[in-house]
Amino acid sequence: EVQLVESGGGLVKPGGSLRLSCAASGFTFTYYNMNWVRQAPGKGLEWVSSISSNGDDRNYADSVRGRFTVSRDNTKNSLFLQLNSLRAEDTGLYYCVRDRDTNMPIFDYWGQGALVTVSS
Amino acid sequence: DIQMTQSPSSLSASVGDRLTIICRASQPIYNYLNWFQQKPGKAPNLLIYAASSLQSGVPSRFSGSAYATNFSLTISSLQPEDFATYYCQQTYTYPLTFGGGTTVDIK
């Protein structure tokens, strides 16, 4: 069974930092591109970042580029998102998402999310 | 960036109704379009990928179609468990973008 379990969320002050982790199991992690998608309270979905299966290619939403960094450790079946210079508008639930297709992104499995709250 | 415009933003419907949700892309995205269902307090669930392919395990009352930059999600006969919010997503180019969502509630 595919499982994605996020951790590392919490309350942080504006300008602060946080590191999210996603532990993957039930599939061969090293074969899949991975993503982070977030959702502000009561709002819609926003794609945040993606990373290729070997970690060489990374993409970011304009709203987070230069502040967030995606990475992965294929030896530990883990995905990470480093969040720096946090702003109030970064508050939300951050989902770890698997992409099952290398040619056409298809987000087939989602974690339950890690809550990030940015507030003074 | 490619903008995805979903309509309507909300609708009220009854069990057994046929309903269609529309998503328009601001530029050609071919069939790089996915549909998701999200229920309150839950993660999104993939329904349709590549515009019209039904994800494994999803009931056949869900279908997707495409014409140029216009995409639609149709539920042929609404069931009680279908009351939820639906999102389209383009995956043709980065940044990947979602539509604003369509909330389906009980009339």
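Chain naming here is simple, since letters A, B, ... match the order of the sequence lines and numbering starts at 1 in each. Worth saying up front: this structure is predicted, and the values here are computed from it rather than measured.
- In this structure, chain B has a heavy atom under 4.5 Å from the side chain of A/S50, while its backbone stays farther away.
- Contact of A/N59 with chain B is made through the side chain alone, with heavy-atom distances under 4.5 Å.
- When all heavy atoms of A/V37 and B/F98 are compared, the pair lying nearest together is CG1-CE1, 4.1 Å.
- Nearest heavy-atom pair, B/A43 versus A/G111, reported as atom, atom and distance to 0.1 Å: CB-O, 3.3 Å.
- A chain of hydrophobic side-chain contacts below 4.5 Å, direct or via other Ile, Leu, Val, Met, Phe, Trp or Tyr residues, connects A/L20 to A/L4.
- To the nearest 0.5 Å, atom OG1 of residue B/T91 and atom CG of residue A/N103 are 11.0 Å apart.
- Listed here is the closest heavy atom pair of B/L96 and A/P105: CD1-CB, 4.5 Å.
- Both A/L79 and A/Y31 sit in one connected hydrophobic cluster of ILVMFWY residues. Membership requires side-chain heavy atoms under 4.5 Å apart, directly or through other members.
- Residues B/P44 and A/Y95 are in side-chain contact: their nearest non-hydrogen atoms beyond the backbone lie under 4.5 Å apart.
- The distance from atom CG of B/N45 to atom OH of A/Y109, rounded to the nearest 0.5 Å, is 9.5 Å.
- No side-chain heavy atom of A/D101 sits less than 4.5 Å from a side-chain heavy atom of B/Y49.
- When the shell of 6.0 Å around CZ of A/R67 is examined, it contains more than 12 heavy atoms from other residues, nucleotides or ligands.
- Here the CH2-CD distance, from A/W47 to B/Q90, works out to 10.0 Å after rounding to the nearest 0.5 Å.
- Heavy atoms only, all atoms of each residue included: A/Q112 and B/G41 are closest at OE1-O, 4.4 Å.
- Proximity to chain A among residues 32-39 of chain B is limited to B/Y32, B/N34, B/F36, B/Q38, judged by heavy-atom separations below 4.5 angstrom.
- When every heavy atom of B/Y87 is checked against every heavy atom of A/Q39, the shortest pair comes out as OH-NE2, 3.5 Å.
- More than 12 heavy atoms of other residues, nucleotides or ligands shown are found within 6.0 angstrom of CZ on A/F80.
- Using a 4.5 Å cut-off between heavy atoms, A/R65 does not touch chain B at all.
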